Protein chains: 2
Amino acid sequence: MASSARQTARTRQSPRERPAKPPLSREAVVDAGLRVLRDHGIDGVTMRAVAGEVDTGAASLYVYFPNRPALLDAMFDEVAAKIDLGPEPDPERWREQLVGLLNRIVEGMDDYPGIARVPLANPPTGPAAAQIAERTLALLAAGGVDDRSAAWFIDIVFLFVNATAYETSILVAEGAEEGEVGARIEEQLAQLDSDQFPHFARLLPVITKGSGEQRFNFGLRLMIDGLLHTEPPDL
Amino acid sequence: MASSARQTARTRQSPRERPAKPPLSREAVVDAGLRVLRDHGIDGVTMRAVAGEVDTGAASLYVYFPNRPALLDAMFDEVAAKIDLGPEPDPERWREQLVGLLNRIVEGMDDYPGIARVPLANPPTGPAAAQIAERTLALLAAGGVDDRSAAWFIDIVFLFVNATAYETSILVAEGAEEGEVGARIEEQLAQLDSDQFPHFARLLPVITKGSGEQRFNFGLRLMIDGLLHTEPPDL
DNA sequence: ACCTGAACACCGTTCAAGT
DNA sequence: ACCTGAACACCGTTCAAGT
């Protein structure tokens, strides 16, 4: 805020009034981590790489995070925080609102290759994730969905959301060009069609047809339709 | 094949006729990998650890696999090969047969913590995985499910199966005792219930209620019910 | 053809020593 | 209180040298 703007360390000027780079902080480390993640994917997020991004050594990060998983958890919540929750639940439009929110979650993670592995490996505990869960439950409540069904549905649908985000972002990160996957599929087909795998061979072209987004939304349709046609679980 | 068998270097006996450990092979490496996986989880499957299991150095493995991911792919297919496909599809019982098969897939992966990350990260190409897909499609066909719906359903349900297996096996591997997860959840609750997260606070106990198996089967019920009540996708 | 030891370029994490 | 360099105990992979 003050005139304490940072400058390169080599051109030292007035020796006072020079905080140089802003003092390291949890937030600064998380932001650095997100930059590394965006460019190099989840496996590129090493303590050394993140530290390098804020011009320090890996050991310095341990002041703010006890270990790498803790940093990744914080990064995930920051990604979650960027997701638009959308309008307040409207009982007339709850379903499309819900589908919209779930699509935005996947899209929000698409820019950060592999981040979806974090909530998959252990349940998120951050505030942004809690807000998303709250909004999702509110939408289900607006739709008149039974509490017990809603409770289990949210678990299941987030598993689906995270798995979708992980799979698609990994494919993107591996630089899979448009036809890449299709090509590998055709190899497979060539090797094992014949009459040993009749259904598989017949449907392989259909399986890979359509975008990931279309398949994801077909999945959501199945689950929500199922929710409206199934008895609540016995608890 | 000849009598050129190696023997433990210290107790050399009749110099011929001693195959000692079977000569290294793809299969032997995969089996060694599975032993390491079962005991130490997916992140414990290092090239050095697998090599040590067959009493050689990491470099030796590169004769059989070009890199670690290729070994993991082969290990996954071996896990898939152990899964019982169950009885031939019966149009009268296709739904319970399908649910049974999908449950066995998750159970089959539960003994190998984290293996489910392999099919999640890139589509399986092995023969055992193909057989499982074939059987799944055959069951859907027996149920009279439309081809296009079946094609997308299998994609979606395997994503769900793999994500479930990954999540549960990781929790188990981290040594989460019975109440472990519940405890962390209560921390969360204590921190953020109040009126900021009314739905979430109210439903958190329900969300974690029931076993992973029950939640998984509720998810399958939603998807299959949805499949029977939804129009096939436009392709 | 297969195996090996040693090396290279990395990791996460710790810790004594600095400020 | 925070930062740091160096170290420790690891990684995946390569390669020259052996058999």
Side-chain angles (χ1 to χ4, degrees), chain A residues 4 6 9 12 15-16 18-30 32-33 36-37 39-75 114 117-118 121-122 174, chain B residues 1-10 12 15-16 18-30 32-33 36-37 39-75 114 117-118 121-122 173-174:
Chain A
S4 62
R6 94 204 76 26
R12 70 208 136 82
R16 69 163 169 78
R18 294 243 357 278
K21 56 185 177 184
L24 212 45
S25 65
R26 269 184 70 95
E27 197 187 50
V29 173
V30 167
V36 175
L37 174 58
D39 293 345
H40 305 298
I42 191 79
D43 290 328
V45 181
T46 66
M47 299 305 266
R48 280 170 171 85
V50 175
E53 191 75 14
V54 287
D55 223 41
T56 182
S60 301
L61 305 184
Y62 289 82
V63 177
Y64 303 97
F65 298 94
N67 48 44
R68 182 172 176 269
L71 169 56
L72 294 180
D73 281 348
M75 285 168 55
R117 197 168 71 196
V118 172
N122 47 352
E174 281 175 355
Chain B
M1 221 34 130
S3 62
S4 63
R6 94 204 78 24
Q7 44 214 232
T8 54
R10 37 203 111 274
R12 69 211 138 83
R16 66 163 172 80
R18 295 249 350 284
K21 58 182 180 186
L24 211 46
S25 65
R26 269 184 71 96
E27 199 188 48
V29 173
V30 167
V36 175
L37 174 58
D39 293 345
H40 301 99
I42 190 81
D43 289 329
V45 181
T46 66
M47 299 305 268
R48 280 170 172 85
V50 175
E53 191 76 13
V54 287
D55 224 40
T56 183
S60 302
L61 304 185
Y62 289 82
V63 177
Y64 303 97
F65 298 94
N67 49 42
R68 181 172 176 269
L71 170 56
L72 293 180
D73 281 348
M75 286 169 55
R117 197 168 70 196
V118 172
N122 47 352
E174 282 175 351

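By convention in this document, chain letters (A, B, ...) are assigned in the order of the sequence lines, proteins followed by strands, and residues within each chain are numbered from 1. What you are looking at is a predicted structure, and each value in this text was computed from that prediction instead of being measured.
Between B:R48 and B:L61, the closest side-chain pair of non-hydrogen atoms is not below 4.5 Å. You'll find the side chain of B:V63 stays beyond 4.5 Å of the side chain of B:L24, heavy atoms only. Residues B:D73 and B:V118 have side chains in contact (heavy-atom distance under 4.5 Å, counting atoms from C-beta outward). Inter-residue side-chain proximity for B:V29 and B:E53 is flagged as unmet; no heavy-atom pair is nearer than 4.5 Å. Between A:L37 and A:V50 there is no side-chain heavy-atom pair separated by less than 4.5 Å.
Looking at DNA chain D, the stems built from 3 or more consecutive Watson-Crick or G-U wobble pairs, each pair with its key distances under 3.5 Å, are C:4-8 with D:12-16, C:12-16 with D:4-8.
Using modelled atom types, no side-chain atom of B:Y64 and backbone atom of B:E27 make a donor-acceptor pair closer than 3.5 Å.
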_Run the side-chain contact (heavy atoms from CB on, under 4.5 Å) test on A:T46 and A:R68 for me, step by step, so that the C-alpha distance in whole Å, both residues' side-chain angles and the decisive distance to 0.1 Å come before the verdict._
CA-CA 8 Å; A:T46 66; A:R68 182 172 176 269; 5.5 Å; no

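Backbone-only contact: A:Y64 has heavy atoms under 4.0 Å from sugar-phosphate atoms and none from a base.
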_Sequence-aligned protein contact record of nucleotides 12-19 of chain C, with B where the base is within under 4.0 Å of a protein heavy atom and S where only the sugar-phosphate is_ = BBBB----

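Under the side chain to side chain contact (heavy atoms under 4.5 Å, CB included) criterion, B:A59 pairs with no residue, sequence neighbours left out.
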